[in-house]
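Data first, discussion second: the structure below is written as structure tokens.
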Amino acid sequence: MNIRGCHVMAKPSGSVCNLDCEYCFYLEKEKLYPRRQTNWKMSNETLTRFILQHIEAQPGLDVEFAWQGGEPTLLGIEFFKRVTELCEEFKGDKRISHTFQTNGILINDEWCDFFNKHRFLVGVSIDGPKELHDFYRVNQSGKGSFDKVMKAINLLNKHNIEFNTLTVVNDKNVKYPLKTYEFLKSIGSKFIQFIPLVERKKSQEETSILSAPHERFTRVTEWSVSPIDYGQFLNDIFDIWLRQDVGSTCVQTFETTLASWITGSSNICVFSKTCGHAFALEANGDLYQCDHYVYPEYKIGNIHTQKIRSMNASDKAIEFGQQKFTNLNKKCKACPYLPQCYGGCPKHRFNISPSGKPDHNYLCEGYFKYFQHTENAMKFMRMLIQAGRPASHIINYIK
């Protein structure tokens, strides 16, 4: 019997994408499935199994489908029309919702009409203004993608489609926090997600091969963000957000930090006490522990031979999630910001801790700087909320 629901990030196009971002950790996943390069689309049989199993795996009435890639628009609108037909067929009394992460390159009026009709929540990947976005996010000819992404965002605004933005914070845009933040607001983003870029290479000789989370003695890529820079990036944006945007612009990192000060736990996996039960589904039906753990040793099974419900309840899946806390080192457990951080993402725990083991989060110094800088303001907003007032009232106090 299933112990809890689960989240599945579906990748029906696998790693296939129409961009060639230098920092992308997922493009190399094509090495896992060399035979699928000419037959990369998720089949109707696999899609049907996934829709039915994912609905069955959720104990509650609400079921969310998350579509990512690679680039999911490459599958075409007809594929996602089939998605909505299958959801309608299998949903029973459950409520279905969809999120859709895209680079925006292929978005047109037809896609916008589809998103509107079926109420898809669209996430657009954009790394800031043109000169920052185009540094890494290029097509296969090496040309920047900014102009096409902005064309998509203008179409979404034209069709009154609410969209989120996902910004990868790398070694370039981290130097321009306010420029990046003000730009994201200017294009109409009301929900802003920052993802710190931290990737490692296996060795000097294998510079194109990224390392798996468990591998030791690797080096951080040159495009990865430094911990101190990332902490300062968050702090600079937080100060602006606090003075003018609380309640009107949702910055995921700030919102989840506030939630942790109120409840003692985060609402996103990175800062939660435990993780797991947030799987990645490849186009052939293979299910992995996490989007950042798509490596053979973290494969749980395949939906053609096992059901998502049983894989979610398996000892392997449960143990993976629990290890986030059980493997915390002593330095983390003694940290005053443990309830806000819980050691961050296990993928980033490769720095040497005082015990001499590579089990400490690479971003720790930056996270500590951020949590320390925001502590007093977070506690004040907590006081406002506990008094029955909105957190946005802090703006008036600051003024």
Side-chain angles (χ1 to χ4, degrees), residues 1-15 26 29 32-33 42-70 72 83 86-87 89-101 121 212-214 256 265-328 342-347:
M1 183 176 179
N2 193 12
I3 58 169
R4 52 169 287 175
C6 61
H7 181 271
V8 178
M9 184 182 291
K11 296 175 176 288
S13 61
S15 62
Y26 220 83
K29 299 306 176 186
L32 286 174
Y33 302 100
M42 179 178 282
S43 69
N44 184 66
E45 180 186 2
T46 303
L47 179 64
T48 302
R49 285 177 179 269
F50 168 55
I51 299 290
L52 177 59
Q53 290 184 26
H54 186 53
I55 291 173
E56 289 179 340
Q58 311 310 318
L61 289 176
D62 293 305
V63 181
E64 179 184 89
F65 285 88
W67 304 99
Q68 291 206 11
V83 165
L86 290 168
C87 286
E89 179 180 350
F90 297 137
K91 71 176 184 180
D93 61 351
K94 296 193 175 185
R95 296 182 291 262
I96 307 294
S97 62
H98 299 271
T99 64
F100 191 95
Q101 188 67 37
L121 176 62
H214 64 280
T256 193
S265 62
S266 170
N267 50 22
I268 62 171
C269 60
V270 172
F271 297 129
S272 295
K273 185 175 182 178
T274 59
C275 60
H277 308 283
F279 307 118
L281 180 77
E282 280 294 322
N284 69 338
D286 284 345
L287 196 72
Y288 291 86
Q289 294 280 16
C290 171
D291 179 39
H292 290 282
Y293 282 78
V294 179
Y295 298 92
E297 54 268 49
Y298 296 103
K299 177 181 167 182
I300 308 177
N302 186 289
I303 63 174
H304 288 275
T305 56
Q306 296 170 270
K307 289 191 174 183
I308 292 174
R309 174 182 290 192
S310 63
M311 287 187 277
N312 183 40
S314 68
D315 291 342
K316 189 174 182 179
I318 295 170
E319 182 182 4
F320 175 85
Q322 295 296 325
Q323 282 178 346
K324 183 176 191 285
F325 182 73
T326 56
N327 290 346
L328 267 183
Y342 281 111
C345 179
K347 181 190 177 184

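Computation of the quantities below employed the complete heavy-atom set of this structure, encompassing side-chain atoms and omitting hydrogens, waters and symmetry-equivalent molecules.
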Should Tyr293 and Pro346 count as side-chain neighbours, where that means a heavy-atom distance under 4.5 Å? yes

Thr256 side-chain N/O to Ser266 backbone N/O, donor-acceptor pair under 3.5 Å: no

Partners of Phe90 by ring pair (Phe, Tyr, Trp, His ring centres under 6.0 Å), sequence neighbours excluded? none

Sequence neighbours left out, what passes salt bridge (Lys or Arg N to Asp or Glu O under 4.0 Å) with Lys91? Give chain and number order. Glu88

Shortest non-hydrogen pair, Asn284 vs His304, comes out as O-CD2, 3.6 Å

Using ring pair (Phe, Tyr, Trp, His ring centres under 6.0 Å) as the criterion, list what pairs up with Phe271, not counting sequence neighbours. Tyr367, Phe371

Kindly indicate whether the side chain of Asn44, heavy atoms from C-beta on, has any atom under 4.5 Å from the side chain of Thr48. yes

Write down the atom of Lys316, the atom of Gln289, and the distance for their closest heavy-atom approach. O-NE2, 3.2 Å

Close side-chain approach of Phe279 and His7, heavy atoms under 4.5 Å: no

How would you list all residue pairs meeting salt bridge (charged side-chain N to carboxylate O under 4.0 Å, His left out) that involve residues 58-69, not counting sequence neighbours? Asp62-Arg95

Quick check: closest heavy atoms across Cys6 and Ile308, and the distance to 0.1 Å? SG-CG2, 3.8 Å

Do Phe320 and Cys275 come within less than 4.5 Å of each other through their side chains, counting heavy atoms only? yes

Hits for side-chain contact (heavy atoms from CB on, under 4.5 Å) against Glu89, two or more places apart or cross-chain, chain-then-number order -> Leu86

Checking side-chain contact (heavy atoms from CB on, under 4.5 Å) for the pair Ile303/Met311: CA distance, chi angles, key distance, verdict? CA-CA 9 Å; Ile303 63 174; Met311 287 187 277; 4.0 Å; yes

Tyr288 ring center near Tyr295 ring center (under 6.0 Å): no

Closest approach of Lys324 and Val270, non-hydrogen atoms and distance? NZ-O, 3.2 Å

List in chain and number order the residues that pass salt bridge (Lys or Arg N to Asp or Glu O under 4.0 Å) with Lys299, two or more places apart in sequence or in another chain; answer none if no residue qualifies. Asp286

Parallel under 30°, tilted from 30 to 60°, perpendicular over 60°: which one fits the rings of Phe65 and His98? parallel

Closest heavy-atom pair and its distance - Gly69, Ser13: CA-OG, 4.0 Å

How about Ile55 and Ile96: do any of their side-chain heavy atoms sit closer than 4.5 Å? yes

Passing option when Leu281 is tested against Gln68, Met9, Met42, Gln53 for side-chain contact (heavy atoms from CB on, under 4.5 Å): Met42

Closest non-hydrogen atom pair, Ala317 against Ile300: CB-CD1, 4.4 Å

